[in-house]
Trainee: 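Below you will find the structure I want to go over with you.
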Amino acid sequence: MFFADLDPQGSDSDIFSITTLLHTKVKIEEPHKKRQISQCQNCQSYGHTRTYCAHNPKCVKCGNDHPTSSCVKSPDLPAKCALCEGAHPANYRGCTIYKQLSQRHPNISSTKPNLQQPFNFNTPHQPQHQQSNKEHLPNQRTSFLLIKMSGRDRDKYRSHPSGHQKRIKKLAKEEFLNKQRGAFLHFLNTSNEKLSLDNSSSISEKTEKHEHPCYSLSETMEISTSPSKLIKLSHTPEEKNHSLTAENKVHSPEDDPVEETFKINSRKIDIQGIDLRDLASWTEGLSQHLRDEIIKIGPVRVNNIDYPLHTIQNTSRKFSDKYYYRTLSNGEIVNRQWLVYSTSKNLAFCYCCKLFPSSDLRQSQLATNGTNDWKHMSDNLKVHERSKPHIIAAQKWIELKTRISKSQTIDKVQQIAIEKEKTHWKNVMIRIISVIHYLAKHNSSFRGSTDVLYEKNNGKFLGLIEMLGKFDPIIIEHLQRIKNKETHIHYLGHDIQNDLIEVMAKEVQKTIIQTIKLAKYYAIIMDCTPDTSRQEQLSIVIRIVDMDIENESTEPRIKEYFLDFTNINDSTGLYLSDVLVEKLKIYGISLNDCRAQGYDNGANMIGQYKGVQARILKQNPRAFFMPCAAHRLNLVLGDTAKSSVRAVHFFGTVERIYTLFSASTGRWDIFSKHCHKWTVKKWSETRWESRYDSIKAIRFQVKEIIDALDEISDETRDPLIRSETNSLIVEIRSLEFLMSLCIWYTVLCEVNIVSKSLQGPDVNLDISSELLNGLIKFLTNYREIGFNTAKSEAKILTMDLKVSNEFKTPRYRKKKTMFAYEGNDELLQDPEEDFRCSYFLVLMDGAIGSITRRFEQTSKFNEMFGFLFRIGKLSLKPYEQLKANCMDLALYLQSGDEKDICAYDLIEELLICQNIVDKSVTPIEVLNFIKKKQWSLSKLSHRS
């Protein structure tokens with residue numbers, strides 16, 4: 001193809017009539033115009049490209065004001081067009097904006113030459129400019145394309161494959177996918193696993209029919225085994241159709257090897273849509289490969305379960321374990337290894353006859369579709385096991401099983417190669433999963449700015465693969481295969497990473513939910529917080545007492561399990577409670593087993609009528625609400641700090657000191673030169689210890705801070721900074737500030753000790769009540785003697801600073817008398833007494849009142865459950881009082897006809913327990929004692 005541009009001449013248009021040139025057939029056309037409207041990939045508007053765009057970025061997926069590369073929209077949410085706000089991406093050609101622009105410019109899509117029709121070289125070609133009724137002016141340049149024509153030109157210049165080619169490609173792809181379905185399971189070890197079905201719920205139809213999700217890789221990726229030579233990898237359909245079973249059970253102990261961490265659950269192995277362990281799913285004409293895999297697994301039985309009833313002729317019967325065995329006349333018991341029960345269809349099958357079907361039409365249903373005629377099951381089994389087709393099938397089964405075990409099959413060499421390949425891919429997957437598990441465990445990012453190995457910024461995942469490729473022979477061989485193009489399946493794409501993370505997360509969540517259900521009773525902890533994308537997310541945490549009955553060496557522990565993040569669109573109590581209830585239904589956790597709620601102190605959470613806790617209590621009156629104690633204590637400090645204007649002014653001064661020093665590196669160096677113990681800190685409403693830390697740094701470094709301010713005032717040339725430093729020096733040297741400093745430090749020191757204790761892992765309701773009562777007693781006592789104590793400490797500071805130890809007489813504001821008002825309010829003329837009454841007493845009374853009001857519920861719960869936290873001291877409690885406590889607790893834990901405990905049984909067990917355990921024992925230690933001895937208190941009562 002050649003492009004030519006002619007000078008303006010009158011005969012230029014005749015060039016289009018030429019059909020041959022130098023004994024070669026040619027085709028001359030006008031240059032093809034652009035077929036599509038230009039669209040900017042930055043702002044998504046039409047008419048310009050990204051290079052010349054000066055607008056703000058728009059996301060092509062969600063339409064928000066951010067680049068597409070930083071979009072965090074979930075794939076489950078619908079897209080949103082940035083142009084028409086429709087439910088589609090902005091580059092969708094069916095968009096109304098694009099259609100309107102196409103109608104305005106119809107020649108954009110119509111200028112494509114019609115290459116679907118063969119070119120007729122026998123007739124003169126009519127130029128396109130004549131077809132469109134365009135005339136060339138004498139001074140207009142003429143451009144044309146010279147195309148050499150040969151063969152089937154319509155296929156040569158076809159821009160897209162024909163429909164026939166598409167259909168052939170689609171059929172080939174579907175055939176290939178059908179062959180590869182389930183091939184991933186060849187790389188996982190399932191031969192040594194045992195079937196464990198302990199209860200009827202574990203073999204329910206829902207579990208058996210659980211589909212295995214498929215996982216796909218991204219479209220393209222590049223990889224290299226050396227920095228100088230890069231290898232491009234394409235994700236082929238083979239990788240896109242390898243299934244990862246959702247039944248992979250993943251545990252995450254820190255010391256467990258990966259081989260023991262990732263296992264296939266033995267309940268179901270699905271290859272090509274056939275469950276190899278369930279005979280009801282086997283189809284006719286099993287391939288030799290599937291037959292070999294089935295024989296390696298062997299017949300799988302279920303025992304000791306509650307089999308479902310089946311009604312035939314108004315008679316309900318069910319399968320029994322006794323059918324698995326045959327009792328001979330001499331009393332000997334023979335195991336019918338060939339008999340298998342299918343839990344999915346409630347049918348019995350003959351394993352060997354199903355595996356090696358016979359053409360004999362007289363064979364029983366055990367060999368074909370299965371039977372559920374339990375009434376005549378014994379007679380049918382006797383007839384079947386004596387039939388000739390069964391004996392032949394059993395012989396074939398035993399012979400093939402023996403040959404497979406001894407590797408003496410006809411395809412011995414191929415089987416060895418297959419096993420070697422399976423081992424290789426299993427080892428590759430173990431290492432890839434180990435890398436993903438490590439990065440996910442440490443909350444590290446996976447990808448970088450590129451997906452190419454041995455390039456800079458290719459991410460931590462590929463970086464770890466590069467490291468393993470230096471010494472690990474498995475990864476070295478894997479990368480070598482990719483380099484030599486021996487395989488297009490590499491499992492290094494980001495899609496398979498996300499799929500594996502999702503599978504691991506689902507299995508961990510499944511294990512957590514099973515643990516919660518075993519514990520039965522639980523507490524809910526819930527909170528909302530915005531993420532980096534400014535999307536409000538709800539986090540749900542479940543708190544339980546984990547007895548871990550299966551492991552006798554462990555002790556009972558209180559554990560908290562994080563379950564899920566949920567995007568929310570509303571923060572009202574009704575919406576949050578509905579989300580919580582819906583999530584618990586999805587997890588299969590009963591709300592009636594909830595015994596506690598723990599939220600923050602927001603009105604939407606703790607509202608008495610419309611809060612989350614109130615709405616949950618309406619559905620479950622035994623879900624007692626207990627807000628966070630440490631958070632409430634921080635709110636007490638906030639209430640106290642805002643109770644007086646002088647207190648607000650004091651903390652404002654503390655903030656000014658921090659701002660002055662931290663705003664400049666030079667001023668911070670001056671501060672560091674004078675103050676060597678602590679640095680000034682910024683106090684915050686949400687950081688609970690921030691007030692204590694900010695006051696502590698000033699309390700014991702007052703003189704050093706004043707010296708640093710003096711030096712800044714002398715060296716600075718900024719009049720605003722000099723004025724600010726002088727103002728702070730005057731403020732700090734005042735007796736009122738120094739006394740406030742001593743008062744707040746003493747109060748915050750005691751509150752900080754209680755706050756840290758309340759956040760301890762071993763704290764319980766009894767300890768919390770004691771700490772809070774002790775804090776109230778301290779504040780009550782400090783209200784009486786604290787003013788004089790703070791005054792004495794402040795006078796010591798004034799002596800060090802050489803300033804006056806007297807209060808300044810303030811200028812009192814005179815209030816205007818309104819009409820017949822009785823008289824002016826009496827003002828305190830003594831500034832010291834005024835400071836005591838209007839500041840110190842207001843702080844103490846506000847703190848004591850706030851603690852009493854906010855922790856009133858804690859005292860109530862302590863009266864309900866407090867006696868259980870002192871089991872060792874129950875011998876000192878009168879029997880009548882113990883009986884009253886147990887009766888009250890039984891009433892609290894009763895809802896309608898449902899009861900958690902029996903008061904009389906609890907009394908007997910506590911009386912026995914108090915004689916066994918020590919007086920200083922804790923409730924957790926009592927549970928550990930019962931678990932280690934494998935006793936129950938009810939058994940002890942019978943023994944006594």
Trainee: Parallel, tilted or perpendicular for F319 and Y341, by the 30°/60° rule?
Mentor: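 Ring orientation, 0 to 90° scale: parallel.
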Trainee: Just verifying a value: how many Å separate I496 CD1 and I436 CD1, rounded to the nearest 0.5 Å?
Mentor: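 Rounded to the nearest 0.5 Å, the CD1-CD1 separation comes out at 7.5 Å.
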Trainee: For Y587 and D564, what are the C-alpha separation, side-chain angles and deciding distance, and is it a side chain to side chain donor-acceptor pair (under 3.5 Å)?
Mentor: CA-CA 10 Å; Y587 301 145; D564 198 2; 3.2 Å; yes
Trainee: Using 4.0 Å as the upper bound for N to carboxylate O, is an ion pair formed by E477 and K420?
Mentor: no
Trainee: Using side chain to side chain donor-acceptor pair (under 3.5 Å) as the criterion, list what pairs up with E555, not counting sequence neighbours.
Mentor: none
Trainee: So which atom in S590 and which in Y522 form the shortest heavy-atom distance, rounded to 0.1 Å?
Mentor: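 Taking every non-hydrogen atom into account, O-OH, 2.7 Å.
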Trainee: Closest heavy-atom contact between H478 and H490?
Mentor: NE2-O, 3.1 Å
Trainee: Sequence neighbours excluded and cut-off under 3.5 Å, please list the side-chain donor-acceptor pairs for residues 388-399, or say none.
Mentor:
{"from": "H390", "atom 1": "ND1", "to": "H384", "atom 2": "NE2", "distance (Å)": "3.3"}
{"from": "Q395", "atom 1": "NE2", "to": "E399", "atom 2": "OE2", "distance (Å)": "3.3"}

Trainee: Quick one: salt bridge (charged side-chain N to carboxylate O under 4.0 Å, His left out) partners of D546, sequence neighbours excluded?
Mentor: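 For D546, the residues satisfying salt bridge (charged side-chain N to carboxylate O under 4.0 Å, His left out) (neighbours in sequence not counted) are K559.
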Trainee: Apply salt bridge (charged side-chain N to carboxylate O under 4.0 Å, His left out) to E560 and list each qualifying residue two or more places apart in sequence or on a separate chain.
Mentor: R543
Trainee: Restricting to salt bridge (charged side-chain N to carboxylate O under 4.0 Å, His left out), what partner residues turn up for D321, sequence neighbours left out?
Mentor: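 With sequence neighbours excluded, D321 shows a salt bridge (charged side-chain N to carboxylate O under 4.0 Å, His left out) to no residue whatsoever.
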Trainee: How long is the span from the CD1 atom in I544 to the NZ atom in K517, to the nearest 0.5 Å?
Mentor: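 I544 atom CD1 to K517 atom NZ measures 13.0 Å (nearest 0.5 Å).
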Trainee: Taking all heavy atoms of R431 and all of N427, pick out the closest pair and write down the distance.
Mentor: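 Here R431 and N427 meet closest at NH1-O, 3.0 Å.
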Trainee: In terms of side-chain geometry, is the basic nitrogen of D306 or K318 positioned less than 4.0 Å from the acidic oxygen of its partner?
Mentor: yes
Trainee: Can you check side-chain contact (heavy atoms from CB on, under 4.5 Å) on Y491 and I489, steps first, answer last?
Mentor: CA-CA 6 Å; Y491 295 106; I489 304 173; 3.2 Å; yes
Trainee: If you look at every heavy atom in D278 and S342, which pair is closest and at what distance?
Mentor: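 Nearest pair, atom of D278 first, then S342: OD1-OG, 2.6 Å.
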Trainee: So how far is it from H376 NE2 to R317 CZ, rounded to the nearest 0.5 Å?
Mentor: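 One gets 8.0 Å once the value is rounded to the nearest 0.5 Å.
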Trainee: Kindly write out the residues that satisfy salt bridge (charged side-chain N to carboxylate O under 4.0 Å, His left out) with R447, not counting sequence neighbours, or none if the list is empty.
Mentor: none
Trainee: I want to check something: taking the side chain as every heavy atom from C-beta on, are W374 and H310 in contact at a cut-off of under 4.5 Å?
Mentor: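 The answer is yes; the side chains approach within 4.5 Å.
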Trainee: Can you check side-chain contact (heavy atoms from CB on, under 4.5 Å) on V545 and Y521, steps first, answer last?
Mentor: CA-CA 8 Å; V545 178; Y521 300 117; over 6 Å; no
Trainee: Nearest 0.5 angstrom please: I295 CD1 to S405 OG, how far?
Mentor: 10.5 Å
Trainee: Tell me whether W282 contacts the main-chain N or O of D275 through its side chain, where contact means a donor paired with an acceptor under 3.5 Å.
Mentor: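 Yes; at least one donor-acceptor contact below 3.5 Å.
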Trainee: Distance check, rounded to the nearest 0.5 Å: I512 atom CD1 versus Y561 atom OH?
Mentor: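 Here the interatomic distance stands at 7.0 Å.
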Trainee: I need the minimum non-hydrogen distance between G469 and I476, along with the two atoms involved.
Mentor: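 Shortest heavy-atom separation between G469 and I476 comes out as O-CG1, 3.1 Å.
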Trainee: Count the heavy atoms of every other residue, nucleotide or ligand shown that sit under 6.0 Å from OH of Y438, and state whether that count exceeds 12.
Mentor: no
Trainee: We want to know whether E502 and N498 form a side-chain donor-acceptor pair, criterion being a heavy-atom distance below 3.5 angstrom.
Mentor: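 Short answer, no.
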Trainee: Would you indicate whether H442, at its atom NE2, is surrounded by more than 12 heavy atoms from other residues, nucleotides or ligands within a distance under 6.0 Å?
Mentor: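 Atom NE2 in H442 is packed in, count exceeds 12.
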Trainee: So which atom in L366 and which in A348 form the shortest heavy-atom distance, rounded to 0.1 Å?
Mentor: CD2-O, 3.4 Å
Trainee: Is there a side-chain contact (heavy atoms from CB on, under 4.5 Å) between I474 and I430 once you walk through the steps?
Mentor: CA-CA 10 Å; I474 302 298; I430 287 176; over 6 Å; no
Trainee: Compare all side-chain heavy atoms of I513 with those of L563 and state whether any distance is below 4.5 angstrom.
Mentor: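 Touching, per the 4.5 Å side-chain cut-off.
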Trainee: Give a yes or no on whether the backbone of R481 and the side-chain of T487 come within a donor-acceptor separation of less than 3.5 Å.
Mentor: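 Not at all, since once roles are kept as given, no pair shorter than 3.5 Å links the two residues.
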Trainee: Atom CG of L462 and atom CG of L453: how far apart are they, to the nearest 0.5 Å?
Mentor: 4.5 Å
Trainee: Step by step, would you call L400 with Q288 a side-chain contact (heavy atoms from CB on, under 4.5 Å)?
Mentor: CA-CA 11 Å; L400 184 56; Q288 185 62 36; 4.0 Å; yes
